[in-house]
Amino acid sequence: MTDHDHRRVIAIDGPAAAGKSTVARCLADQLGIMLFDTGALYRAVTLAALRGDTDLADDTALAQLAIDSHIDLRPASVEDDRLADVILDGEDVTWEIRSPAVDANVSRVAAYPAVRDALLPVQRNIADGSEVVMVGRDIGTIVTPKAGTKIYLDASVEERARRRYQDLRKQGVDTDVLSVMEDLRERDDKDSSRATAPLRAADDAVRIVTDGQSVDEIVLSIERLVRERWGEAA
Ligand code: DC
């Protein structure tokens, strides 16, 4: 790990719908740096598996799919609330990777060590020597344990369910808050209890609970912290 320079990596981890992506987007804009949402990688592999009828119990096949799939994250090219374009083998799948079918299966795919191993170099390549906001579950613990700034964003399950419900309604998905909350609980359980790279805060992460705080307030507090660490005035 000594050859990886991650001093200017900002790692943002936390459970689903804690506000990570929105905060990360604003933070990256404020700092004028890149955003990389690593969950999109796991989602894209899950989508590729569902489309190709890959057996979701076959970790070797899924890891091979992760290696063979060409996944690109690019700055948003369409103004439809997206944070970035997600391109899978040349096709824009930005919204498809957020579908209930992918939501329901992505934790299972992400739990396989072979899949995680396949996606690790992709993430480290982006991080090496870069100024980047990286969002995920294991960024501060596994992907970039030497990241210069680590944030763990959390919120109550009720608050997270409300946010996710609003997002889904915007996408035209017919659901209710209680089932969204159940799904979130289930996904968090799977993400936190898996043997490889479980969701947890790094020991040196700054923990922020976002209930009742505006996005602007959260972004400003992280921006101040980053600028301080980078030796810049806020
Ligand atoms: O952040 P998200 O909801 O888009 O992530 C989708 C899934 O991918 C989530 O259930 C956990 C998994 N994931 C992961 O295991 N490690 C990461 N660094 C990012 C996401």
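The shown structure was predicted, so the numbers you read here are calculated from the model rather than taken from an experiment. As a basis for the values below, the full set of heavy atoms in this structure was taken, side chains included, without hydrogen atoms, waters or symmetry mates. Numbers here are sequence positions counted from 1. Just follow the structure's listing: the first ligand is 1, and inside any ligand the first atom is 1.
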Output side-chain donor-acceptor pairs under 3.5 Å for residues 173-185, partner residues at least two apart or in another chain, one line each.
{"from": "D176", "atom 1": "OD1", "to": "L178", "atom 2": "N", "distance (Å)": "3.2"}
{"from": "D176", "atom 1": "OD1", "to": "S179", "atom 2": "N", "distance (Å)": "3.0"}
{"from": "D176", "atom 1": "OD1", "to": "S179", "atom 2": "OG", "distance (Å)": "3.2"}
{"from": "D176", "atom 1": "OD2", "to": "S179", "atom 2": "OG", "distance (Å)": "3.0"}
{"from": "S179", "atom 1": "OG", "to": "D176", "atom 2": "O", "distance (Å)": "3.2"}

Who's the nearest protein heavy-atom neighbour of atom 12 (C) of ligand 1, and how far?
-> A110 CB, 3.7 Å
Nearest protein heavy-atom contact for atom 18 (N) of ligand 1: which residue, which atom, what distance?
-> D138 OD1, 2.8 Å
Taking only Lys NZ, Arg NE, NH1 and NH2, and the carboxylate oxygens of Asp or Glu, determine whether E228 and R224 approach each other closer than 4.0 Å.
-> no
Considering heavy atoms of the protein only, find what lies nearest to atom 19 (C) of ligand 1 and give residue, atom and distance to 0.1 Å.
-> T38 OG1, 3.4 Å
Quick one: nearest non-hydrogen protein atom to atom 16 (N) of ligand 1, plus distance?
-> R116 NH2, 3.0 Å
Non-hydrogen atom of S107 closer than 4.0 Å to ligand 1 = yes
Does the side chain of V219 reach to within under 4.5 Å of the side chain of T22, using non-hydrogen atoms?
-> no
K190 heavy atom under 4.0 Å from ligand 1 = no
For ligand 1, indicate whether the residue E186 contacts it via side chain, backbone, both or neither (heavy-atom separation under 4.0 Å).
-> neither
Candidates R108, R137, R116 - the one meeting salt bridge (charged side-chain N to carboxylate O under 4.0 Å, His left out) with D191 = R137
What's the shortest distance from atom 11 (C) of ligand 1 to any protein heavy atom, and which residue and atom give it?
-> D191 OD2, 3.4 Å
Working to the nearest 0.5 Å, report the span between CD1 of I12 and OG of S21.
-> 9.0 Å
Counting both backbone and side chain atoms, is some N or O of K20 under 3.5 Å from an N or O of ligand 1?
-> no
Would you please say whether a donor-acceptor pair under 3.5 Å links the side chains of D211 and S156?
-> yes
Please determine if R43 has a nitrogen or oxygen closer than 3.5 Å to a nitrogen or oxygen of ligand 1.
-> yes
Nearest non-hydrogen protein atom to atom 17 (C) of ligand 1, with distance, is R137 N, 3.4 Å
What about Y42: any of its N or O atoms under 3.5 Å from an N or O on ligand 1?
-> no
Output the list of atoms in ligand 1 that are nearer than 4.0 Å to some heavy atom of G136, sorted by atom number.
-> 17 (C), 18 (N), 19 (C)
Atom 20 (C) of ligand 1: nearest protein contact (heavy atom, Å) = G39 CA, 3.6 Å
Heavy atoms of V86 and T94 approach each other most closely as N-OG1, 3.0 Å
For the atom pair CE (M134) and OG1 (T149), what is the distance rounded to the nearest 0.5 Å?
-> 14.0 Å
Do the charged groups of D37 and R98 touch, with an N to O distance under 4.0 Å?
-> yes
Side chains of Q171 and D167, donor plus acceptor under 3.5 Å = no
Going by the atom numbers of ligand 1, which of them fall below 4.0 Å from some non-hydrogen atom of R98?
-> 4 (O)
Got the closest protein heavy atom to atom 7 (C) of ligand 1, with its distance?
-> V106 CG2, 3.6 Å
Measure R164 to ligand 1 on non-hydrogen atoms and call it side chain, backbone, both or neither using the 4.0 Å cut-off.
-> neither
Determine, stepwise, if the pair H70 / D89 fulfils side chain to side chain donor-acceptor pair (under 3.5 Å).
-> CA-CA 5 Å; H70 194 93; D89 296 326; 5.9 Å; no
